[in-house]
Number of protein chains: 2
Amino acid sequence: MTLKDIAKEAGVSTATVSNVINGNHHKVSKETIDKIQKIISENDYTPSATARSLIKKESKIIGVVVPNLSEHDPFSSSPYNTQILSWLENYIRNQGYYMMIRTVGRCQDILQAFLTWNIDGLILLGAFKEEAEEIRERVKIPTVYLDTYAEGIANVGIDDYMGGYLAAKYLLNKGHRDIAFAGPVTTEGVIATRFKGFCDALNEKGLEFNNNRYVEAMTFFEDGVKAGKKLAFLKDKCTACVCMSDILAFGIMEGLRLSGLRVPEDISVVGFDNLPECKYSNPQLTTVSQNIKKKACLAGDLLFEMINSKKPVICNHQVTVEIEERFSVKQL
Amino acid sequence: MTLKDIAKEAGVSTATVSNVINGNHHKVSKETIDKIQKIISENDYTPSATARSLIKKESKIIGVVVPNLSEHDPFSSSPYNTQILSWLENYIRNQGYYMMIRTVGRCQDILQAFLTWNIDGLILLGAFKEEAEEIRERVKIPTVYLDTYAEGIANVGIDDYMGGYLAAKYLLNKGHRDIAFAGPVTTEGVIATRFKGFCDALNEKGLEFNNNRYVEAMTFFEDGVKAGKKLAFLKDKCTACVCMSDILAFGIMEGLRLSGLRVPEDISVVGFDNLPECKYSNPQLTTVSQNIKKKACLAGDLLFEMINSKKPVICNHQVTVEIEERFSVKQL
DNA sequence: CCCATTTGGTTAACACGTTAACCAAATGAA
DNA sequence: TTCATTTGGTTAACGTGTTAACCAAATGGG
């Protein structure tokens, strides 16, 4: 069933039917509108998005790129990504758009895939600086980044510096002085910024961070278990540890447990993200909370502002973070 | 940059360019092929999926429908859905297709949304019987269901009966006799089938399930907490509980803890799904494990078989389940 | 009554690939 | 040499909506 069929059945031209469908009612008489609408609903007709997209050069599709962190368990390896995705889908659907998802391969592939579809907007989750720069140069459609540190893009992130700062400050206030830091080692970007905040909080107290307390670990559970064991047997004993993700914290707690240490009695743990999972763990995890819904909504706002105004936006929203206090930290 | 532009630059017709792009090389001389490919790569040209889709009447898009369980936290409210989604994306991408995601509104909306896009296939996660039946009647494109009990569809599920049976059997073998069952109350479908298996295992041992041990709860954490408290103060004391999802089990463990009971010392808990989160909890959760990757792959196989053979398939795959033993059950 | 405007349309070009039908030149077989 | 086939293309219709340009009839103002 096509526009043409409807037009024939109603005895009018396709232009008229098109006008009715698109609400250009000023061009059509009341009776004609009613007649056409009746035929449309009787036949359960829906216009072809493909044809419409072809001529209007807009697709109502938003492409979303999820970093494929793990070979073995693509995007769900990070529940954080899922949370974001979920809210984005919600936002995009409410705008009357469709969401197309890709986990990354090479940058080139993504562009190819999405640009063939004439997508109206692009959202990149956790892209690296270099990817962002490549995309910035080559893509002309509205693009919003989440958690990417790069110049000249529209980014929505969190106040990473404050996240690191607050985590350390919280532990200091609880009487801790010997604090470890667990996470990937980087020189710039999200983690490095958090680390800077963390160190500055220590410095304010006249403490110096000792680099052998930097427990290197990817943000996966298994890495955390290893890191937890390492932490348990650290020569330079610590009474607390700040972890760069909740999942990592869960792993570290497990590793500590396996090494015979209790959380928080023997050692305190602070996570990062505040995933729903924090409530499932035992002890429930005290963590640096980022408002994921807010991030998704901000990203949506930004993207559709760019789409609707047809003007690029360059900005860097930093959503505030706060400590979500649960039961994994002991008052010394 | 369009096909026409490429053709003009190469001094050939669009048909020839099209043939080169689509690998119909038998119609084109080697030199022409090289010349055209050079121009294509120099100009970074990608054919418009929209135009191609319009004339070929196939889109290379697979629509995936995720049940919107919670108003507040759409599909991530169930990490299970995410897991499935993640593997499906993987499968779909490897087939050279694109994945479009929608969380459900009304059945009508979904169909509308997807059919306008001329999608080549549809995957429904956890649809109800009635929805499945409506879609079965109204949609002619290849459709695969996950975890849906309905006639005349291509379904991929698990052996729910055996899941319930094994959970009970496992606890019985550990010496438990007073076992509760926690989950939504239903008369047919996934949960009802598991419950039947559960009861049959008890009956085999000469035990009768007492209905006041059916702790009604949705499969959310907060519901679980309430259910755990109820369970703790059940007059008809139980030593173990089988829960209809891992998330529910986490909630129940928390509810029990808040009521002063220890898991597994005072009461044992068995979950269902075997999400990665089971390793994060303390005690780590013993659960009925379903192979999510396998389900996703089977669903993919089925869908693409239907797409490629252009023949509908009616079947009901039941992936086997097994107990994943961890530390939430005590030997009596 | 006459010209201007509004009402309610129609026509046809267009967006961009795909593919069936067609064709000329070159090659080959008898 | 002549007819048949292969090689390497071209042409044009097609799929499905959208929209600018156009038009006839009706209405209105002076």
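Any value given below was found using the heavy atoms of this structure, including those in side chains, with hydrogens, waters and symmetry copies removed.
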Using atom [atom1] of [X] as one end and atom [atom2] of [N] as the other, report the distance to the nearest whole Å.
X        : N      : atom1 : atom2 : result
A:Lys8   : D:dT16 : NZ    : C1'   : 14 Å
A:Leu54  : C:dG17 : CG    : P     : 8 Å
A:Ile55  : C:dA12 : CD1   : P     : 16 Å
A:Lys56  : C:dA13 : NZ    : P     : 22 Å
A:Asn118 : C:dC16 : CG    : P     : 9 Å
A:His25  : C:dT6  : NE2   : P     : 21 Å
A:Ile21  : D:dT16 : CD1   : P     : 14 Å
B:Glu58  : D:dG15 : CD    : P     : 16 Å

- Among C:dC14, D:dG9, D:dT10, which nucleotide sits nearest the side chain of B:Ser13?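 Taking heavy atoms from C-beta onward, the closest nucleotide is D:dT10.
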
- Message: Of the listed nucleotides (C:dT18, C:dC16, D:dC22), which one gets closest to any side-chain atom of A:Lys27?
- Response: D:dC22

- For the pair A:Thr143 (side chain) and A:Ile141 (backbone), establish whether a donor and an acceptor sit closer than 3.5 Å, ignoring hydrogens and angles.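 Here the side-chain-to-backbone pair exists.
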
Should [X] be listed as having a side-chain N or O under 4.0 Å from OP1 or OP2 of [N]?
X       : N      : value
A:Ser18 : D:dT18 : yes
B:Thr32 : D:dG8  : no
A:Ser48 : D:dT16 : no
A:Tyr45 : D:dT16 : no
B:Arg52 : C:dC16 : no
A:Ser29 : C:dG9  : yes

Base, sugar-phosphate or nothing for [X]? Non-hydrogen atoms, less than 4.0 Å.
X       : result
B:Val12 : sugar-phosphate
A:Thr14 : base
B:Thr16 : base
A:Thr2  : sugar-phosphate

- Message: Looking only at the side chains, is there a donor atom on one of A:Asp147 and A:Tyr80 sitting less than 3.5 Å from an acceptor on the other?
- Response: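 Side-chain D/A pair, A:Asp147 to A:Tyr80: present.
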
- Residue mapping more 5' on DNA chain C - nearest nucleotide basis, B:Lys4 or A:Asn19: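 The 5'-side residue here is A:Asn19.
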
With a 4.5 Å heavy-atom cut-off, do [X] and [Y] have their side chains touching?
X        : Y        : answer
B:Asn43  : B:Glu9   : yes
A:Leu302 : A:His317 : yes
A:Arg102 : B:Arg93  : yes

- Message: With nearest nucleotide decided by heavy atoms, which residue, B:Lys30 or B:Lys57, maps closer to the 5′ end of DNA chain D?
- Response: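 This one resolves to B:Lys30.
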
- Message: Assuming nearest nucleotide by heavy-atom distance, tell me which of A:Asn22 and B:Ala15 is located more 5' along DNA chain D.
- Response: B:Ala15

- Quick check, are the ring centers of B:Tyr97 and B:Phe304 under 6.0 angstrom apart?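 Yes, close enough.
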
